[in-house]
Amino acid sequence: FRTVDPADGTATVVRTGQATAGFDNGAAGVAKFDAPQSVAPDAAGNLFVCDSGNHAVRKVDTGDVTSTIAGTGGTGSGDNVVGVLATFDNPYGIAIDSNDYLYVPDNLNGKIKLIAPDGFTTTAVSGIASLGVAVHPTSGDLYVTDFGAHYVWAYQTTPSAPTAAPSAPALAPLTWTAGSGAHAEVDGSLAAAAFAHPLGCAVDTVSSDILMTVYSSHTIRRITYLGRANHFIGTGVAAYANGLGRLAGLSRPREMALA
C-alpha cells in the first residue's frame with residue numbers, strides 16, 4: 001500500500017505489504033496480502049483492507065501493523081461467528097460507518113457481510129453478487145451495486161434516526177432499486193436507467209447523490225437525491241484522457257472514493 005500525495009499524485013511511501021503474495025500479519029516489513037482490492041479508513045486513521053485473494057478483511061493500524069479481523073484465508077460462507085472464524089469467497093469492496101461497522105460484499109457467496117468493531121461477522125443482505133458498497137456516515141443508509149445484474153440497491157433509514165452505537169446497525173428495508181436490468185448506458189428515472197456493470201460506489205454527503213463507476217461503459221454515473229440517474233464523467237469509450245466531466249476518458253473504472 002502506498003500513500004499518494006494529493007498535490008502532485010506521486011506515490012512514494014509504502015505503508016505495508018510485500019512484492020510476493022501471502023497471508024502474514026505483522027509490521028510493514030513482514031505483512032503480506034494477496035490481491036487486495038479495496039480500502040476504507042476509519043476516523044482514527046486505521047485502514048481496513050478487503051484482501052480478496054486471501055478471502056479476508058485485514059486491518060492496518062496507524063503504526064502500519066497488519067492484523068486479520070475477519071476470514072480464515074480459505075473460502076466458505078460461514079458467519080454469525082467471531083471474525084477470525086468467519087469465511088468469505090472473493091470479498092470485493094468495503095465501507096465503514098460512523099460507528100466503525102464494516103460492510104463487505106462477499107461476492108461469490110452473494111452476500112453483504114457486516115463486521116462489528118469486535119470482529120463478529122453476520123450477513124446484512126443476501127442474494128446480491130456485489131462488488132461495491134457505500135454507507136452514509138451519519139444516516140446509515142446503505143447502497144449496493146449489483147455488478148452482474150446491472151442494478152443499484154438502496155437500503156435507506158429515516159434521516160432523523162442515525163445508527164446508534166453500541167448496537168449493531170439495523171438494516172432498513174429495501175427502499176428503491178435503480179436500473180432496468182439491461183446491460184446498457186441509459187439515463188433517466190430509477191426504473192428507466194440502465195447500467196453496464198456498476199462496480200465502485202460512494203455517497204456524496206453534501207448533496208446525498210450516489211456516484212458509481214460503471215465498468216463496461218467506462219463512465220462514472222450519478223443517482224441524484226431526486227431519483228434520476230445521469231452520466232457524470234467519461235465519454236463512454238475506453239480512453240485515457242484528462243478533461244472536464246464527459247470529456248474525460250476512463251477505461252474500465254473500478255473503485256472510487258470521495259474525500
Side-chain angles (χ1 to χ4, degrees), residues 1 15-18 21-28 30-137 140 142-145 155 163-172 201 255 257:
F1 294 90
R15 286 285 302 263
T16 190
Q18 307 301 312
F23 192 42
D24 299 327
N25 291 319
V30 175
K32 292 184 178 181
F33 300 80
D34 187 356
Q37 297 293 344
S38 310
V39 177
D42 68 9
N46 301 300
L47 301 179
F48 295 89
V49 182
C50 193
D51 191 359
S52 294
N54 284 319
H55 314 286
V57 177
R58 318 284 293 282
K59 176 182 177 180
V60 182
D61 69 17
T62 55
D64 295 341
V65 175
T66 298
S67 58
T68 300
I69 63 168
T72 63
T75 60
S77 61
D79 55 17
N80 291 314
V81 293
V82 66
V84 292
L85 299 179
T87 50
F88 301 80
D89 195 347
N90 191 41
Y92 195 114
I94 191 169
I96 189 169
D97 73 9
S98 58
N99 296 308
D100 293 336
Y101 283 86
L102 297 170
Y103 294 83
V104 178
D106 190 2
N107 176 243
L108 295 184
N109 284 320
K111 298 178 178 180
I112 306 296
K113 295 282 186 69
L114 177 67
I115 304 173
D118 64 1
F120 195 81
T121 303
T122 57
T123 293
V125 180
S126 297
I128 301 177
S130 174
L131 295 175
V133 64
V135 60
H136 194 287
L142 180 68
Y143 301 93
V144 179
T145 59
Y155 300 83
T163 301
S167 301
L171 187 68
C201 188
E255 298 301 319

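These numbers were taken from a predicted model, which means no experiment stands behind them.
- With contacts defined as side-chain heavy-atom distances shorter than 4.5 Å, the pair Pro105/Tyr92 does not qualify.
- Between the Asn99 side chain and the Tyr101 main chain, no donor and acceptor come within less than 3.5 Å of each other.
- Side-chain contact check for Leu114 versus Thr123: every heavy-atom pair is 4.5 Å or farther apart.
- Across Ile115 and Ala70, no two heavy atoms sit closer than the pair CD1-CB, 3.7 Å.
- Side-chain N or O atoms of Asn107 include one that pairs as donor or acceptor with a backbone N or O of Ser130 at under 3.5 Å.
- Considering only heavy atoms from C-beta on, Phe88 comes within 4.5 Å of Thr121 through its side chain.
- Asn25 approaches Val30 most closely through the heavy-atom pair O-CG1, 3.6 Å.
- Between the side chain of Thr66 and the backbone N or O of Val60 there is no donor-acceptor pair closer than 3.5 Å.
- Taking both residues in full, the closest heavy atoms of Asn109 and Gly76 are given as ND2-O, 2.7 Å, listed atom of the first, atom of the second, then distance.
- Using a 4.5 Å heavy-atom threshold, the side chains of Val82 and Val84 count as touching.
- When atom types are taken as modelled, the side chain of Thr145 and the backbone of Gly132 share a donor-acceptor pair closer than 3.5 angstrom.
- Here the CG atom belonging to Leu142 is positioned 7.0 Å from the CD1 atom belonging to Ile112, to the nearest 0.5 angstrom.
- Here the options are Val144, Val125, Val133, the test is side-chain contact (heavy atoms from CB on, under 4.5 Å), and the partner is Tyr103; only Val133 passes.
- Of the inter-residue distances, the one linking Lys113 atom NZ with Ile94 atom CD1 reads 12.5 Å to the nearest 0.5 angstrom.
- When atom types are taken as modelled, the side chain of His55 and the backbone of Asn90 share a donor-acceptor pair closer than 3.5 angstrom.
- Side-chain atoms of Thr87 come within 3.5 Å of backbone atoms of Ser77 as a donor-acceptor pair (strictly under, hydrogens ignored).
- Remark: Asp51 engages Asn54, Arg58 in a side-chain hydrogen bond (donor to acceptor under 3.5 Å, both in side chains) (not counting sequence neighbours).
- The two atoms that bring Leu85 and Val81 nearest to each other are C-CG2, 3.7 Å, heavy atoms only.
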key: Asp100/Asn46 under side-chain contact (heavy atoms from CB on, under 4.5 Å): CA gap, chis, key distance, verdict   = CA-CA 11 Å; Asp100 293 336; Asn46 301 300; over 6 Å; no
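- To the nearest 0.5 Å, atoms CG (Asp24) and OG1 (Thr68) are separated by 9.5 Å.
- Here the closest heavy-atom approach between residue Ala56 and residue Phe23 is recorded as CB-CE1, 3.8 Å.
- For the atom pair CD1 (Ile69) and CZ (Phe120), the distance works out to 14.0 Å, reported to the nearest 0.5 Å.
- Closest approach of Ala40 to Ile96, counting heavy atoms only: CB-CG2, 4.2 Å.
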